[in-house]
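Could you have a look at this structure, given as structure tokens, before my questions?
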Amino acid sequence: MLTTTLAGSLPKPSWLADPRLQLFAPWGPPADRLREAQDDAVRLCLLDQEEAGIDIVSDGEQRRRHYIWGFLDGLTGTDTQRLGKKRTRGGRYVAEQEVARIVGEVTRPAPVMGPALAFAKAHTRRPIKVALPGPMTMVDTTLDEHYGQDEESLAMRFAALLNAEARDLAAAGAAVIQFDEPCFNIYLDKVKAWGIRALEAAIEGVSCTTAIHICYSYGIPRVLAWKKANTEWGQYAVTLPLLRETRIAQISVECAASGVDVALLAEARGKDILLGVIDVGTEEVESPALVAERIRKALPHVEPGRLFPCTDCGLVPRSRQAARAKLRALVEGAQMVRRELGART
Ligand code: ZN
């Protein structure tokens with residue numbers, strides 16, 4: 001009941017990547033020392049999560065500069081060095097963004113995240129979640145200079161590669177495989193037309209728990225400005241009933257920093273809800289009491305056994321100090337509500 005977890009990323013130590021450059025910061029250590037530095041950073045992230053008491057942990061995504069590039073770099077036919085420009089996310093946060101390019105046949109010669117999972121498993125006994133980009137978000141965040149096909153065809157191509165990766169990760173002992181699909185909050189017509197089908201292709205036959213993370217993007221200034229001005233928060237009301245018909249087990253939703261009415265979560269009956277109760281866009285640390293209040297608000301709409309207190313999104317833009325404190329608040333807030341529920345039964 002009220003098992004705690006996080007969306008995925010944690011801030012990188014300054015000796016691994018300059019925190020002032022935030023999301024896509026270049027690596028600090030030279031190439032021949034990078035692997036060792038990443039290993040050390042992963043061990044610290046696991047320790048921070050264990051000390052905080054997080055139940056389902058991640059490697060903090062310490063080995064990827066960007067949540068899409070981390071997977072693309074393991075494929076053939078992609079270029080994450082010479083970037084292209086593209087209107088992404090429907091132009092919601094910025095007119096154009098630099099994106100990786102598709103420059104040849106896209107194949108997956110070997111498991112991409114397998115070695116990282118093996119390392120994390122060797123250093124924690126807790127169940128581990130691995131995040132992969134979702135097919136729709138991969139299409140939106142790449143410039144296709146090779147296939148010249150429609151978005152749906154490219155999404156199905158990515159879905160097949162993601163499925164092979166997810167099956168391998170499940171076989172290698174991942175407890176949860178999560179697909180990050182912020183675009184499911186943006187292109188609602190495409191979600192209906194082919195997004196759900198691409199997701200189903202990605203999770204087909206995957207033997208561990210599968211999850212989808214649908215947020216309103218990172219806690220960075222241009223996104224925060226959009227959130228402040230936004231008044232339409234009904235997107236989950238469209239996507240949750242569609243997801244209910246799929247075999248996805250868990251749905252991760254942003255509820256702390258958004259204007260989403262948690263009553264919408266009733267639309268996901270039968271699924272686990274990873275409820276965002278930690279705002280990732282501020283250094284201000286929530287009190288456990290505030291976290292508990294956010295959890296309680298969702299309880300009339302989600303059974304406690306299906307409610308997983310979680311962060312809204314990745315904590316990568318935050319300071320390490322704030323991120324650690326936010327994880328502790330998350331666990332303490334969940335404990336408060338767990339005690340109340342235990343007392344009632
Ligand atoms: Zn997110």
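Note that the structure is a prediction, hence the values are computed from the model and not measured.
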- Test applied, side chain to side chain contact (heavy atoms under 4.5 Å, CB included); reference residue, Val206; option that passes from Ile248, Leu162, Asn163, Leu169: Asn163

- Task: Determine, for Glu254 against Lys227, whether the closest basic-nitrogen to carboxylate-oxygen distance falls under 4.0 angstrom.
- Result: yes

- Does a sphere of radius 6.0 Å around CZ in Arg35 hold more than 12 heavy atoms from other residues, nucleotides or ligands, not counting ones at 6.0 Å or beyond? no

- Salt-bridge contact Arg197-Glu152 (side-chain N to carboxylate O under 4.0 Å): yes

- Task: Could you give me the CA-CA distance, side-chain angles and deciding distance for Glu96 and Lys86, then say whether salt bridge (Lys or Arg N to Asp or Glu O under 4.0 Å) is met?
- Result: CA-CA 5 Å; Glu96 270 193 332; Lys86 188 178 169 182; over 6 Å; no

- Message: We want to know whether Arg89 and Thr141 form a side-chain donor-acceptor pair, criterion being a heavy-atom distance below 3.5 angstrom.
- Response: yes

- Query: Do other residues, nucleotides or ligands put more than 12 heavy atoms under 6.0 Å from the CZ atom of Arg43?
  - Reply: no

- Hey, what do you get for CD1 (Ile214) to OG1 (Thr137), rounding to the nearest 0.5 Å? 9.0 Å

- Query: Quick one: do the Thr76 and Thr107 side chains pair a donor with an acceptor below 3.5 Å?
  - Reply: yes

- Message: Ignoring hydrogens and geometry beyond distance, is a side-chain donor-acceptor pair present between Gln178 and Asp180 at under 3.5 Å?
- Response: yes

- Message: Under 4.0 Å between a side-chain nitrogen and a carboxylate oxygen: does that hold for Asp168 and Arg108?
- Response: yes

- Item | Residues, nucleotides or ligands: over 12 heavy atoms within 6.0 Å of Glu283 CD | yes

- Message: Distance alone, cut at 3.5 Å: any donor-acceptor contact between the side chains of Thr80 and Asp73?
- Response: yes

- Task: Is it possible for you to check whether Arg63 lies under 6.0 Å from the centre of the six-membered ring of Phe119, through NZ or CZ, and within 45° of that ring's axis?
- Result: yes

- Message: Under a 3.5 Å threshold, yes or no: a donor from one side chain and an acceptor from the other, between Asp140 and Tyr187?
- Response: yes

- Message: Can you confirm whether Arg244 is buried at CZ, in the sense that more than 12 heavy atoms of other residues, nucleotides or ligands lie under 6.0 Å from that atom?
- Response: yes

- Query: Are Asp150 and Ser153 linked by a side-chain donor-acceptor pair shorter than 3.5 Å?
  - Reply: yes

- Task: Could you please spell out the steps behind the side chain to side chain donor-acceptor pair (under 3.5 Å) verdict for Asp55 and Thr4?
- Result: CA-CA 5 Å; Asp55 298 305; Thr4 55; 2.9 Å; yes

- For Glu145, does the CD atom sit with more than 12 other heavy atoms under 6.0 Å from it, leaving out its own atoms? yes

- Query: Just by distance, with hydrogens left out, do Thr246 and Glu200 show a side-chain donor and acceptor under 3.5 Å apart?
  - Reply: no

- Query: Using 30° and 60° as the class limits, which term best fits the ring planes of Tyr67 and Tyr218: parallel, tilted or perpendicular?
  - Reply: perpendicular

